[in-house]
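Every chain is numbered from 1, with letters handed out A, B, ... down the list of sequences. On a predicted model such as this, the values are computed, not experimentally measured, just so you know.
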There are 2 protein chains.
Amino acid sequence: MSDKFYKIEEVSKMTGLTKRAIRYYEDLNLIAPQRAESAYRLYTDEDLEKIQRIISLKESLGFSLAEIKNALELDKDVQTILSTGTAEAAILGNYMEMIREQIKLIDEKVSKLLATGEQFENLLARLNNLRDRAGKENTR
Amino acid sequence: MSDKFYKIEEVSKMTGLTKRAIRYYEDLNLIAPQRAESAYRLYTDEDLEKIQRIISLKESLGFSLAEIKNALELDKDVQTILSTGTAEAAILGNYMEMIREQIKLIDEKVSKLLATGEQFENLLARLNNLRDRAGKENTR
DNA sequence: GCTAACATTAACGTCAAGGTCAATCCCAGA
DNA sequence: TCTGGGATTGACCTTGACGTTAATGTTAGC
C-alpha cells in the first residue's frame, strides 16, 4: 500500500478509461481524489481499486452509474457499521434486506446468463456434429 | 404454436415493454412483425419469443441493442446452416469461433458476477454476526 | 353511423454517459 | 526563460434508447 500518487493520465492508462470518463465519475461523486495545490487530481491505490470496482460493476452487472453509486454507498455504510460495531437493530435489518436484494438480483442475472450460455453451447455442439458428418462424407 | 396474432398493446402488456420501445426495436430491425391491411402490426408467438430474448440479453448481459442485433443474426445464420446442412468448412469454422467468443464473454461475466455476489454474502454474514452478538448482550 | 379506444407515422424532447473544444494554468527539461 | 506536454474548468456536441405530442387512420360495440 505505497502512498504513491497518480496523475489522471496514468490512471487513464492503467484503467483503460478516458480522462473525461474519470472526471465524469468524480462529478457524480463516485470518486473523490485529493488535489495538489495546483488543483491537479491525485489518485491513490485506493482510488484505483474503487475505479476498478466501478468498471467491474458496470461491465459485468450492466449497472448504471447511479446504481453503482448506491451500491458503493451501501457498501461503505456497512463497512462503518462493521468497524464501529454500532447499529440499531432496525437500521441493521434494513441494510441486511438491501444486501439480500442485491444478491437476489445478481443470482437472477447469473441464471439468465447461464441459460444464454447453454443456448450457445448447444448451437456449438450441433455445428460440431455437422462438421463431423461433413468430414466423413469427404473421406468416403 | 397457435397462429394467433397479437396487437401491439397486448404485446406491451405481455412483455412489460412500452409500445414505443417495441416500435423502436422494429426501427432497428430487431423484429419484423407482419402487418394487417390497415398497417396494424401483427405479432406471432414467435415474435414474442424473440422479444423475450431481446429483453433477456439486455437485462442479463447488458448488451446494447446493436450487439443484440449481431447476436440474433449470428443465431439466425447458424440456424439456417443447421437446417440446410449447407456449410463450407471455412465459414462454419468462422461461426464456431464467433460462438466460442460469445461463450467466453458470458463466462467472464458470470465469474465477475459471482465474485460480486460473494462480496455481498460476506458482508451479510458479518452483519449477521454483529446482530447475534448484539442479541446476546441484550439478554445478558 | 358515432364514439371510444385502439392503431399509425413524424417530429421533437430528454436523460445518461461521455466526446470535443477553447481558454487558461502548471511543470519539467534544454 | 521559454517551450511543449500535460492539467484545469466550462461550454456545448453526440449517441443510444427511448418518451411525448400531434395529426390522423381503424375498429368494435351500441
Fill in the blank from the handout: With the side chain defined as heavy atoms from C-beta on, E9(A) is closest, among dA17(C), dT8(D), dA7(D), to dA7(D)

Practice task
For dA7(D), take OP1 and OP2 only and decide whether either is under 4.0 Å from a side-chain N or O of K7(A).
Solution key: no

Handout entry: Value in whole Å for how far the P atom of dG16(D) lies from CG of N70(B)
Key = 13 Å

Exercise for the section: Side-chain contact test, heavy atoms from C-beta onward, threshold under 4.5 Å: evaluate it for M96(B) versus L92(B) and give yes or no. Expected result: yes

Problem - Nucleotide dA16(C), atom P - distance to CD of E67(A) in whole Å - result: 12 Å

Can you give the donor-acceptor pairs under 3.5 Å from side chains of residues 64-76 of chain A to other protein atoms, not counting sequence neighbours?
from   : atom 1 : to     : atom 2 : distance (Å)
S64(A) : OG     : A66(A) : N      : 3.4
S64(A) : OG     : E67(A) : N      : 3.2
S64(A) : OG     : E67(A) : OE1    : 3.4
E67(A) : OE1    : S64(A) : N      : 2.8
D75(A) : OD1    : Q79(A) : NE2    : 3.3
D75(A) : OD2    : R53(A) : NH1    : 3.2
D75(A) : OD2    : R53(A) : NH2    : 3.4

Fill in the blank from the handout: Sorted by position of nearest nucleotide on DNA chain D, 5' first, the leading residue of R41(A) and A21(B) is R41(A)

Handout entry: Distance below 4.0 Å between Y25(A) side-chain N/O and dG18(C) OP1 or OP2
Key = yes

Fill in the blank from the handout: DNA chain C nearest-nucleotide lookup for F63(A) and S38(A): closer to the 5′ end is F63(A)

Practice task
Measure the distance from CD1 on I68(A) to P on dA16(C) and round it to the nearest whole Å.
Solution key: 14 Å

Exercise for the section: Using only side-chain N and O atoms of T18(A), determine if any of them is under 4.0 Å from OP1 or OP2 of dG19(C). Expected result: yes

Handout entry: Between P of dA17(D) and CD1 of I55(B), the distance in whole Å
Key = 15 Å

Practice task
To the nearest Å, give me how far apart CG (L42(B)) and C1' (dT26(D)) are.
Solution key: 13 Å

Practice task
May I ask you to verify whether the side chain of Y40(B) and the base of dG25(D) hold a donor-acceptor pair under 3.5 Å?
Solution key: yes

Handout entry: Phosphate OP1/OP2 of dC12(C): any R20(B) side-chain N/O under 4.0 Å
Key = no

Problem - Audit row: E97(A), R100(A), salt bridge (Lys or Arg N to Asp or Glu O under 4.0 Å) steps and yes/no - result: CA-CA 5 Å; E97(A) 195 42 48; R100(A) 273 192 220 98; 2.8 Å; yes

Practice task
Could you pick out which residue, R35(B) or K13(B), lies toward the 5' side of DNA chain C when each is mapped onto its nearest nucleotide?
Solution key: K13(B)

Handout entry: Atom pair distance, as rounded to whole Å: CD1 in I54(B) and P in dA17(D)
Key = 12 Å

Problem - Between dA17(C) (P) and R23(A) (CZ): distance, integer Å - result: 18 Å

Problem - Whole-Å gap separating C1' (dC6(C)) and CZ (F5(B)) - result: 18 Å

Practice task
Consider only side-chain N and O atoms of R126(A) and N129(A), and report whether a donor and an acceptor are under 3.5 Å apart.
Solution key: no

Practice task
Compare all side-chain heavy atoms of L17(A) with those of I54(A) and state whether any distance is below 4.5 angstrom.
Solution key: no

Exercise for the section: State which of dT27(D), dG18(C), dA17(D) makes the closest approach to the side chain of L65(A). Expected result: dG18(C)

Handout entry: OP1 or OP2 of dG18(C) under 4.0 Å from side-chain N/O of K58(A)
Key = yes

